[in-house]
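Report on the structure given below.
Protein chains get the first letters and strands the later ones, always in sequence-line order, with residue 1 at the start of each.
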2 protein chains.
Amino acid sequence: MATRTTPNGTSAARERLLATASELFYREGIHSVGVDRIVGEAGVTRATFYRHFPSKEDLVEAYLGVEDANIRAAFDAAESTGAEPRELVGLVIDGLADDVARHHTRGCPFINAAAEYPDADSGVRRAVASHREWFRSELEHVLEAADAPDPRLGAAELVLVRDAAMVGGYLDGWERVRPAFVASAHRAAGLPAPAAEPVVE
Amino acid sequence: MATRTTPNGTSAARERLLATASELFYREGIHSVGVDRIVGEAGVTRATFYRHFPSKEDLVEAYLGVEDANIRAAFDAAESTGAEPRELVGLVIDGLADDVARHHTRGCPFINAAAEYPDADSGVRRAVASHREWFRSELEHVLEAADAPDPRLGAAELVLVRDAAMVGGYLDGWERVRPAFVASAHRAAGLPAPAAEPVVE
DNA sequence: CACAAGATAGAACGATCGTTCTACTTCGAC
DNA sequence: GTCGAAGTAGAACGATCGTTCTATCTTGTG
């Protein structure tokens, strides 16, 4: 068969579509970005688009899949540093802060997507729900390993604080939100916070 | 002149349009709801719509104005109970929780709107920003009157926690979020929390 | 009553939405 | 070399987007 694929097995056109759409969906919203715009900026035609994705919604779900994979990779990286459990909690919190400050300055991709998809049974909302559940339980495991006082409640609070940081960072500016985030996150973890202000980067 | 107005001065058609649009915008998102749908459910024609609102965006801003007015009214009601300052903090936190549990089960109207309007200079985003600033300073005044340890930081944290509660209440379910919200909110205020929920620390 | 103005009605505008169509090219397997 | 499947190309589909049009009706004022 004739496959015009990249070394890792997926087509170059598909990768460009996904990268372009991810950027546009995040920066401008999903319903605001049409297929015309995506294929135009990806340097691809409509037919090519529909060869790779059955519909626009499949592309949206793939976009959320990319975001999900990125965050999982960040957790893996933090865990593979070999830091001991208590240290890892700090690494994770710093990593979340750094992510909001540098990459996710337009809010949370999942929260923003959910705002545009009211149907909880839709594929998009299901992707949002499963990502959030994974994220929460991952935090719970990290807190558990660190002997935090209440890993389950702590994880739930950390999710809340992270949600708030992304929203607040977008709407109010990260610099205004950072102090409240650092204080709240360490208190939510139930572990002693580092010295008052300095935030590791 | 021929004015078909209600006792309070605004036209009945305009009020129906605003009420219908507010409901639809909140429940289904803004870009997802077309003018056809709004005028249809409001029992009004397109021309009537454009007599009352120069464009759809003006209707969106009016919708945010309604939400803003509702929250201000809730604050006024809490303050007019004559509760003393420290008590008022508890009333406000309970009021916010009650609001998320009963009325705002689809997230925060302002956060959701901002997700669909990336341009920070747009009228919608300006309305969001000014509402948030009012909300934050209102909380700061309440905390200040109650002699909270750090009203400014406390208000910033309360905004964060409330944002998170609305997002979490929508995406994860209010019952799962409530314990974390109550604990975080009272700690953010810096005042003793009512011993009820399983509170850390 | 006559008149001007606000409110309503419903058709119609061009633009864009997501999607599908047919035609042409490029490759791997035989 | 031949065949067929995958990729590309660009026109075109009906539906809906936000908006504007002319015409009719209702109402307060002269």
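Pairs engaging residues 68-77 of chain A under the side-chain hydrogen bond (donor to acceptor under 3.5 Å, both in side chains) rule: A:D68-A:R72, A:D68-A:H131 [sequence neighbours left out].
Going from atom CD of B:E15 over to atom P of C:dT8 covers 12 Å, rounded to whole Å. Spacing between atom CZ of B:R51 and atom P of D:dT24 amounts to 15 Å, rounded to whole angstrom units.
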Quick one: what's the B/S/- string for nucleotides 13-21 of chain C, heavy-atom cutoff under 4.0 Å, read 5' to 3'? ----SSBBB
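A:R51 meets the salt bridge (Lys or Arg N to Asp or Glu O under 4.0 Å) test with no other residue; sequence neighbours excluded. Contacts of A:R125 classified as salt bridge (Lys or Arg N to Asp or Glu O under 4.0 Å), with partners at least two apart in sequence or in another chain: none. When the salt bridge (Lys or Arg N to Asp or Glu O under 4.0 Å) test is applied to B:E84, no partner is found at least two apart in sequence or on another chain. Evaluation of the salt bridge (Lys or Arg N to Asp or Glu O under 4.0 Å) rule for B:E140 yields B:R136, B:R152 as partners, not counting sequence neighbours.
For C:dG6, the OP1/OP2 oxygens have no side-chain nitrogen or oxygen of B:H52 closer than 4.0 Å.
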